[in-house]
Amino acid sequence: MRTLLFTFIWGFSSTFALSLHPNLYHKKETDVKKRSSNIPDIAYTFDTAFAKEFVADFDFDQPANYAFRELSDAGIYLTHLGENNKALNVFQWLHEQHSEEYNITSNLGVVHELNGNLDSAEHYLLKAFTQSPHDPPKTEWVQLKIIAAKRSIQQDPNWLLHHHVLNLNWDTSFYQNNSTQSYTKQQRDSLQLLRYTNYKNQLDTLWSIGNVMKTHIPYVSSPNLLVANIMKELGYHFAINLSIKDAFVAYKIALHYDPKNQLNITEALTRLMPHFRKYEFDESIFEAKFHPANNSLSRQLPAKENPPEDYFDSFSLLTLQASIALLLLVAFFSYTIFNQRKK
């Protein structure tokens, strides 16, 4: 059954408790989507039915009997079922065998955090930071920020009411439509390029944070001011970046985890709503983006070979080129037939 289940998942995944961002070597077909700069769909529960089926045929007392990637994924699914101590044993064994494997190092840090071992979690996440295949690393810095916030909360239970967990401190002044009439064309072009570069880099960062939260949120329940704090900051910067829809979703998720509005999220939403309605967004976007896990679809699709990152863009380009060629061919034959009939 384990092999059969493995055929229903593919690709690379980043799933994640707060700072939790466990890395799956494979993910379910229904989770594979093209990368975008928007907040991802967030399920606030785990697909526990899938997790139970996945781990059912593993004998975790005999870890050497399994490929390390399958065993690593099984360890993550153990955390979905709340079996964190068993998952910790799995990843400690895996790390002894594959200490330079990024996913395993990161997952060991995650499971230590789930077990409340912040020092060990920080140690392995820092190591994963150096092993990350991404340059710069896309998620570990978020996880380390969350661990630092948890330490601050231990010292001051009200810390979240007065501080930002991520504390992005971005300069957003370049989004303002300041007059550039006195600038030369070269200066205006340079400013436009700077604005675009900053805009793109910041949206990429917000996308990465959103994916960390996507995998963290199912591990926690409401209320949770740590989640609310991060989602409020995410919403603020989406709003500054003129992504009103994503700002709305982020604020609504923040309010879900701060039902007493201790972080003044309703005020932020009130300021946003005129812009939200101006662009005619449907408020049901929140329910579409934030929902329980779908247990009925997760095992219905067959396995596929993981496409490269640029597959979808390349496919679209090839389709366009083929369509143009076909149109030209049809036009050529139509013109030839027309001339023959004319003669």
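Note that the structure is a prediction, hence the values are computed from the model and not measured.
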side-chain contact (heavy atoms from CB on, under 4.5 Å) between Tyr257 and Leu225: does it pass, once the steps are laid out?
-> CA-CA 6 Å; Tyr257 288 97; Leu225 284 184; over 6 Å; no
Evaluation steps, side-chain contact (heavy atoms from CB on, under 4.5 Å), between Asn107 and Ser72 = CA-CA 8 Å; Asn107 290 343; Ser72 177; 3.3 Å; yes
Step-by-step side-chain contact (heavy atoms from CB on, under 4.5 Å) determination, Val90 to Leu78 = CA-CA 10 Å; Val90 168; Leu78 284 174; 4.1 Å; yes
Can you find a pair of side-chain heavy atoms, one from [X] and one from [Y], that are under 4.5 Å apart?
X: Asn117; Y: Glu113; result: no
X: Val142; Y: Ser208; result: no
X: Tyr251; Y: Tyr236; result: yes
X: Thr45; Y: Pro218; result: no
X: His237; Y: Leu166; result: no
X: Tyr124; Y: Ile104; result: no
X: Ile253; Y: Phe286; result: yes

Do the ring centers of Phe281 and Phe248 come within less than 6.0 Å of each other?
->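 Centroid separation for Phe281 and Phe248: 6.0 Å or greater.
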Would you please indicate yes or no on a ring centroid separation below 6.0 angstrom for Phe91 and His112?
->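 No, too far apart.
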Qualifying residues under side chain to side chain donor-acceptor pair (under 3.5 Å), relative to Thr266, sequence neighbours excluded =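 Side chain to side chain donor-acceptor pair (under 3.5 Å) list for Thr266, sorted by chain: Asn261.
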Sequence neighbours left out, what passes side chain to side chain donor-acceptor pair (under 3.5 Å) with Asn167? Give chain and number order.
->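 Scan of Asn167 (side chain to side chain donor-acceptor pair (under 3.5 Å), adjacent residues dropped) gives Asn169.
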Identify the residue among Phe50, Phe60, Phe58 that makes a ring-ring contact (aromatic ring centres under 6.0 Å, His included) with Tyr77.
->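 Only match with Tyr77 under ring-ring contact (aromatic ring centres under 6.0 Å, His included): Phe50.
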Roughly how far, to the nearest 0.5 Å, is the [atom2] atom of [Y] from the [atom1] atom of [X]?
X: Leu144; Y: Leu126; atom1: CG; atom2: CG; value: 5.0 Å
X: Thr105; Y: His98; atom1: OG1; atom2: NE2; value: 11.0 Å
X: Ser222; Y: Ile217; atom1: OG; atom2: CD1; value: 10.5 Å
X: Lys214; Y: Tyr44; atom1: NZ; atom2: OH; value: 15.5 Å
X: Glu122; Y: Ile146; atom1: CD; atom2: CD1; value: 13.0 Å
X: Leu168; Y: Lys145; atom1: CG; atom2: NZ; value: 7.0 Å

Ignoring hydrogens and geometry beyond distance, is a side-chain donor-acceptor pair present between [X] and [Y] at under 3.5 Å?
X: Ser243; Y: Asp246; value: yes
X: His95; Y: Lys127; value: yes
X: Thr79; Y: Tyr219; value: yes

Going through the distances and angles, do Asp258 and Val227 end up as a side-chain contact (heavy atoms from CB on, under 4.5 Å)?
-> CA-CA 9 Å; Asp258 179 19; Val227 171; over 6 Å; no
Run the numbers on Lys252 and Glu283 for salt bridge (charged side-chain N to carboxylate O under 4.0 Å, His left out), then give the verdict.
-> CA-CA 10 Å; Lys252 290 283 284 186; Glu283 293 187 31; 5.4 Å; no
Other residues, nucleotides, ligands: >12 heavy atoms within 6.0 Å of Glu267 CD |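 Counting neighbours around CD of Glu267, more than 12 heavy atoms of other residues, nucleotides or ligands fall under 6.0 Å, so yes.
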When you look at Asp282 and Lys245, which way does the salt bridge (charged side-chain N to carboxylate O under 4.0 Å, His left out) test go after all the steps?
-> CA-CA 9 Å; Asp282 188 338; Lys245 179 177 66 175; over 6 Å; no
Does His163 have any ring pair (Phe, Tyr, Trp, His ring centres under 6.0 Å) partners at least two apart in sequence or in another chain, and if so, which?
->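 By the ring pair (Phe, Tyr, Trp, His ring centres under 6.0 Å) rule, His163 matches Trp159.
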